[in-house]
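Just the heavy atoms: all of them, side chains too, but no hydrogens, waters or symmetry mates, feed the values below. The structure displayed is predicted, hence computed values, not measured ones.
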Number of protein chains: 2
Amino acid sequence: MDKKAFAEQIKLEVLLCFSAYSLSHAFSRFYRPMLDRLGLTYPQFVVMMVLWENGKITMKALTDLVMLESNTLTPLLKKLEAAGLVHRTRNRDDERVLDIEITEAGLALKADGQLAAVDLALASGEDLDGVIEMQQRMAKMRDSVREKLETA
Amino acid sequence: MDKKAFAEQIKLEVLLCFSAYSLSHAFSRFYRPMLDRLGLTYPQFVVMMVLWENGKITMKALTDLVMLESNTLTPLLKKLEAAGLVHRTRNRDDERVLDIEITEAGLALKADGQLAAVDLALASGEDLDGVIEMQQRMAKMRDSVREKLETA
DNA sequence: GACGATTAAATCGCATGCGATTGAATTTGG
DNA sequence: CCAAATTCAATCGCATGCGATTTAATCGTC
């Protein structure tokens with residue numbers, strides 16, 4: 001079958017990208033009740049995961065870890081700051097750099113937040129080995145796609 | 001190790017949900033140049049995939065297929081209508097129902113759109129068997145998560 | 001047939017994502 | 001040393017997602 005004939009038969013439900021897209025939304029909807037109790041949205045939770053682990057980080061390093069850019073993270077971090085969970089300060093040595101540091105109130109959420117992360121991780125319907133394998137393969141696929149985008 | 005001790009060690013990079021989240025964004029960013037040439041965003045492309053296959057569909061059926069709600073799809077469909085790719089009409093038999101039908105201009109994008117879908121499907125770094133397996137497992141996981149959300 | 005319950009879509013508000021641009025600080029090359 | 005290039009974060013505009021609510025139409029039960 002040539003590419004055109006194959007293309008005519010392709011359907012949304014078999015597309016890899018749509019499975020990833022709809023899976024990501026499904027997780028986000030599933031997590032909402034638990035994250036609501038923490039007062040966090042899912043992207044805010046992702047940022048807090050980084051801060052619970054690292055305590056302090058620059059904007060640049062954060063963009064690399066969460067794979068989002070400053071145009072997304074700046075408003076999000078301002079909301080976290082308004083909620084009292086982080087401090088945002090300019091770096092003394094290089095004024096271009098923004099330092100982000102978790103506050104006492106942010107640290108106070110750590111235990112509950114990390115417990116939530118575990119509960120959520122176990123809610124996928126896969127067994128533990130399956131969860132680990134799928135997580136690794138999706139991460140590998142993501143890195144492969146990102147690699148291709150860079151070298152394009 | 002108890003749950004609390006396990007939770008303290010958990011990191012963003014090993015979370016299943018974050019792999020799905022970052023994979024979905026990676027696909028979206030990777031696809032953008034090709035979708036730009038079609039004049040579509042990724043969610044618009046998803047809707048057009050359904051319409052290229054079905055020609056005509058109700059809003060209700062569309063929300064089930066793409067797993068998004070009318071509050072997301074109404075503005076998106078109005079943009080597609082403004083671009084001349086779809087018609088939106090009220091159903092004669094039941095005025096609550098919105099019928100969505102692809103136009104000639106929308107059909108004219110079908111061949112290019114479906115070819116794009118094939119190119120994109122092959123860009124993940126997995127071989128064909130791996131693509132199919134991952135697609136199926138992600139879809140199964142998504143359905144499992146959605147099932148749990150419903151019964152919660 | 002009436003009327004409360006249900007269903008479908010739209011509307012509103014808020015929080016992302018991200019391309020494009022801007023502005024400020026630093027680095028680099030001559 | 002200094003101007004151009006680079007880097008970093010912020011800003012702006014637009015397009016999602018989605019919870020909550022509203023509006024309109026239909027259904028179900030008496």
Side-chain angles (χ1 to χ4, degrees), chain A residues 18 20-33 35-37 39-48 57-64 66-83 86 88-100 146 149, chain B residues 18 20-33 35-48 57-64 66-83 88-100 146 149:
Chain A
F18 181 70
Y21 174 76
S22 51
L23 174 60
S24 177
H25 287 158
F27 273 131
S28 176
R29 291 190 283 258
F30 187 81
Y31 289 5
R32 191 177 301 270
L35 295 182
D36 278 350
R37 283 195 284 279
L40 298 173
T41 64
Y42 181 72
Q44 289 169 3
F45 170 73
V46 165
V47 168
M48 291 306 293
I57 194 172
T58 66
M59 171 70 92
K60 174 68 174 154
L62 184 61
T63 62
D64 289 341
V66 304
M67 304 181 197
L68 295 169
E69 297 186 37
S70 69
N71 51 8
T72 296
L73 292 179
T74 293
L76 188 156
L77 286 165
K78 284 184 175 177
K79 289 183 192 87
L80 290 180
E81 186 172 46
V86 307
R88 297 163 65 252
T89 50
R90 286 289 158 181
N91 185 295
R92 277 292 178 200
D93 295 334
D94 185 340
E95 289 278 341
R96 291 172 303 179
V97 172
L98 185 75
D99 288 322
I100 302 147
R146 286 167 61 85
L149 186 56
Chain B
F18 182 69
Y21 175 77
S22 52
L23 174 60
S24 177
H25 287 157
F27 273 131
S28 176
R29 291 189 283 259
F30 186 80
Y31 289 6
R32 192 177 300 270
L35 294 182
D36 277 351
R37 284 195 283 278
L38 294 176
L40 298 173
T41 65
Y42 181 72
Q44 290 170 3
F45 171 72
V46 165
V47 168
M48 291 306 292
I57 194 171
T58 66
M59 171 69 93
K60 174 68 174 152
L62 184 61
T63 63
D64 288 341
V66 305
M67 304 181 197
L68 295 170
E69 297 184 38
S70 68
N71 51 8
T72 298
L73 292 179
T74 293
L76 187 156
L77 286 165
K78 285 184 175 177
K79 288 183 192 88
L80 290 180
E81 186 173 46
R88 296 164 66 251
T89 51
R90 286 289 159 181
N91 186 293
R92 278 291 179 199
D93 295 334
D94 186 340
E95 289 278 340
R96 290 172 302 180
V97 173
L98 184 75
D99 289 321
I100 301 146
R146 286 167 60 86
L149 185 56

Please report, rounded to the nearest Å, how far the [atom2] atom of [N] is from the [atom1] atom of [X].
X        : N       : atom1 : atom2 : value
Glu81(B) : dA9(C)  : CD    : P     : 15 Å
Asp94(B) : dT26(D) : CG    : P     : 5 Å
Leu77(A) : dA10(D) : CG    : P     : 8 Å
Lys60(A) : dT7(D)  : NZ    : C1'   : 8 Å
Ile57(A) : dA9(D)  : CD1   : C1'   : 15 Å
Leu40(A) : dC14(C) : CG    : C1'   : 16 Å
Asn91(A) : dA25(C) : CG    : C1'   : 12 Å
Leu98(B) : dA24(D) : CG    : C1'   : 13 Å

Inset, instruction - Could you tell me whether the side chain of Val86(A) reaches within less than 4.5 Å of the side chain of Met48(A), counting heavy atoms only? - result: yes
Inset, instruction - Please assess Thr72(A) against Thr63(A) for the test side chain to side chain contact (heavy atoms under 4.5 Å, CB included), listing each intermediate value before the final yes or no. - result: CA-CA 9 Å; Thr72(A) 296; Thr63(A) 62; over 6 Å; no
Legend entry - Distance below 4.0 Å between Arg92(B) side-chain N/O and dA25(D) OP1 or OP2: no
Inset, instruction - Look at the side-chain N and O atoms of Arg88(B) and state whether any lies under 4.0 Å from the OP1 or OP2 oxygen of dA10(C). - result: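 Yes, such a contact exists.
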Legend entry - Gap separating the CG atom of Leu98(A) from the CG atom of Leu77(A), nearest 0.5 angstrom: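 Separation between the atoms: 7.5 Å.
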Legend entry - Atom pair CE/NE2 of Met67(B) and His25(A) - distance to nearest 0.5 Å: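 Output value for this atom pair is 11.5 Å.
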Legend entry - Any donor-acceptor N/O pair, Arg90(B) side chain to Arg96(B) backbone, under 3.5 Å: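 Judged by distance alone, yes, a pair lies under 3.5 Å.
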Inset, instruction - Check for a donor-acceptor pair, side chain of Thr74(A) on one end and backbone N or O of Asn71(A) on the other, with a separation under 3.5 Å. - result: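 Side chain of Thr74(A) to backbone of Asn71(A), a donor-acceptor pair under 3.5 Å: no, none is there.
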Legend entry - Candidates dC8(D), dA10(D), dA25(D) - which lies nearest the side chain of Arg96(B):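 Of all the options, the side chain of Arg96(B) is nearest to dA25(D).
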Inset, instruction - Spell out protein contact along nucleotides 15-20 of chain D as letters: B when the base is contacted, S when just the sugar-phosphate is, - when no protein heavy atom is under 4.0 Å; keep the 5' to 3' order. - result: SSBBBB
Inset, instruction - Report the residue (Glu95(B) or Leu73(A)) whose heavy-atom-nearest nucleotide on DNA chain D is the more 5′ of the two. - result: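 The answer here is Leu73(A).
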Legend entry - Closest-nucleotide 5' rank along DNA chain D - winner of Ala61(A) and Asp93(B): Ala61(A)
Inset, instruction - Please name the residue in the list Tyr21(A), Phe27(A), Tyr42(A), Tyr31(A) that meets the ring pair (Phe, Tyr, Trp, His ring centres under 6.0 Å) test with Tyr21(B). - result: Tyr42(A)
Legend entry - Quiz item: Ser70(B) side-chain donor-acceptor pair to dA8(C) base, under 3.5 Å: no
Inset, instruction - Name the nucleic acid region contacted by Asp36(A), choosing base, sugar-phosphate or nothing; use a 4.0 angstrom heavy-atom cut-off, strictly under. - result: nothing
